[in-house]
Q: 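Quick one: the structure is below, questions incoming.
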Amino acid sequence: KEADTRRGATAFSVLLEKLIAEKYPDLKTVRFGPFSEGIYKINNRYRMRITVKYKDCAAARSCFRDAVLAYTKADRTGTALDIDINPTVI
């Protein structure tokens, strides 16, 4: 399960990078991660984090929507994706 979590986080990061380069080249982002979450394992589930800094605009929202849709269409057995638009902890 830990390896699946790492693969899923890396796959989403690569997917987001590719999507920005191909479809949203004018969208300026700064990405950090994927890296282990502060509390890495809860109830036998591993957690990873990717932090993306961006200016809120329609293009950014469309980009994240497209990335989530593409990620969830792929077979990601054993992984879940959660997005926090305004995190309290970075």
Side-chain angles (χ1 to χ4, degrees):
K1 290 201 173 217
E2 182 176 5
D4 291 340
T5 303
R6 287 194 182 279
R7 275 192 295 275
T10 301
F12 184 78
S13 183
V14 168
L15 187 147
L16 184 60
E17 181 179 345
K18 182 179 177 183
L19 188 63
I20 290 170
E22 293 176 359
K23 193 172 176 184
Y24 300 95
D26 295 332
L27 182 61
K28 305 295 183 221
T29 63
V30 178
R31 280 185 340 270
F32 303 96
F35 49 89
S36 300
E37 184 66 77
I39 300 174
Y40 184 53
K41 187 177 179 183
I42 297 176
N43 294 331
N44 210 27
R45 296 183 69 184
Y46 295 93
R47 301 167 1 128
M48 301 288 295
R49 174 181 286 219
I50 300 168
T51 301
V52 181
K53 183 178 178 181
Y54 65 96
K55 184 175 182 177
D56 189 25
C57 61
R61 291 188 297 274
S62 292
C63 177
F64 290 122
R65 182 188 63 237
D66 292 348
V68 169
L69 289 173
Y71 182 82
T72 55
K73 285 182 183 177
D75 182 21
R76 303 284 179 220
T77 305
T79 62
L81 177 65
D82 179 41
I83 295 184
D84 186 353
I85 297 298
N86 192 16
T88 56
V89 176
I90 296 180

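All values below come from the heavy atoms of this structure, side chains included, with hydrogens, waters and symmetry mates left out.
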Q: For the residue pair C63 and L16, what are the closest heavy atoms and their distance?
A: SG-CD1, 3.9 Å
Q: Walk me through whether K1 and D4 qualify under salt bridge (Lys or Arg N to Asp or Glu O under 4.0 Å).
A: CA-CA 5 Å; K1 290 201 173 217; D4 291 340; over 6 Å; no
Q: Any chain of hydrophobic side-chain contacts (each under 4.5 Å) joining I85 to V68?
A: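 I85 and V68: one cluster.
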Q: I need the minimum non-hydrogen distance between G33 and S13, along with the two atoms involved.
A: O-OG, 4.1 Å
Q: Hydrophobic cluster membership, with links at side-chain heavy-atom distances under 4.5 Å among I/L/V/M/F/W/Y: are F64 and L81 in one?
A: yes
Q: With a 4.5 Å limit on heavy-atom distance, are the side chains of S62 and Y24 in contact?
A: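 Side chain of S62 against side chain of Y24, heavy atoms only: contact under 4.5 Å found.
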Q: Quick check for you: to the nearest 0.5 Å, what is the distance between R45 atom CZ and E2 atom CD?
A: 14.5 Å
Q: Is there side-chain contact between L27 and K55, with heavy atoms separated by less than 4.5 Å?
A: no
Q: Which residue, T29, D66, D26, forms the side-chain contact (heavy atoms from CB on, under 4.5 Å) with I20?
A: T29
Q: Tell me if the CZ atom of R61 is crowded by more than 12 foreign heavy atoms within 6.0 Å.
A: yes
Q: Do Y46 and I50 belong together in a cluster built from hydrophobic side chains that touch within less than 4.5 Å?
A: no
Q: Could you grab the distance from atom CE of M48 to atom CD of E37, nearest 0.5 Å is fine?
A: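 Going from the CE atom of M48 to the CD atom of E37 covers 9.5 Å.
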Q: Please determine whether side-chain contact (heavy atoms from CB on, under 4.5 Å) holds for the pair F12 and T79, giving the CA-CA distance in whole Å, both sets of side-chain angles, and the decisive distance to 0.1 Å.
A: CA-CA 11 Å; F12 184 78; T79 62; over 6 Å; no
Q: With rounding to the nearest 0.5 Å, note down the distance linking NZ in K53 to CZ in F32.
A: 7.5 Å
Q: Let me check something: do I83 and Y71 share a hydrophobic cluster, defined by ILVMFWY side-chain heavy atoms less than 4.5 Å apart, either directly or through other members?
A: yes
Q: When you check the side-chain N and O atoms of T5 and Y40, is any donor under 3.5 Å from an acceptor?
A: no
Q: Counting distance only, does the side-chain N/O of R47 pair as donor-acceptor with the main-chain N or O of I39 below 3.5 Å?
A: yes
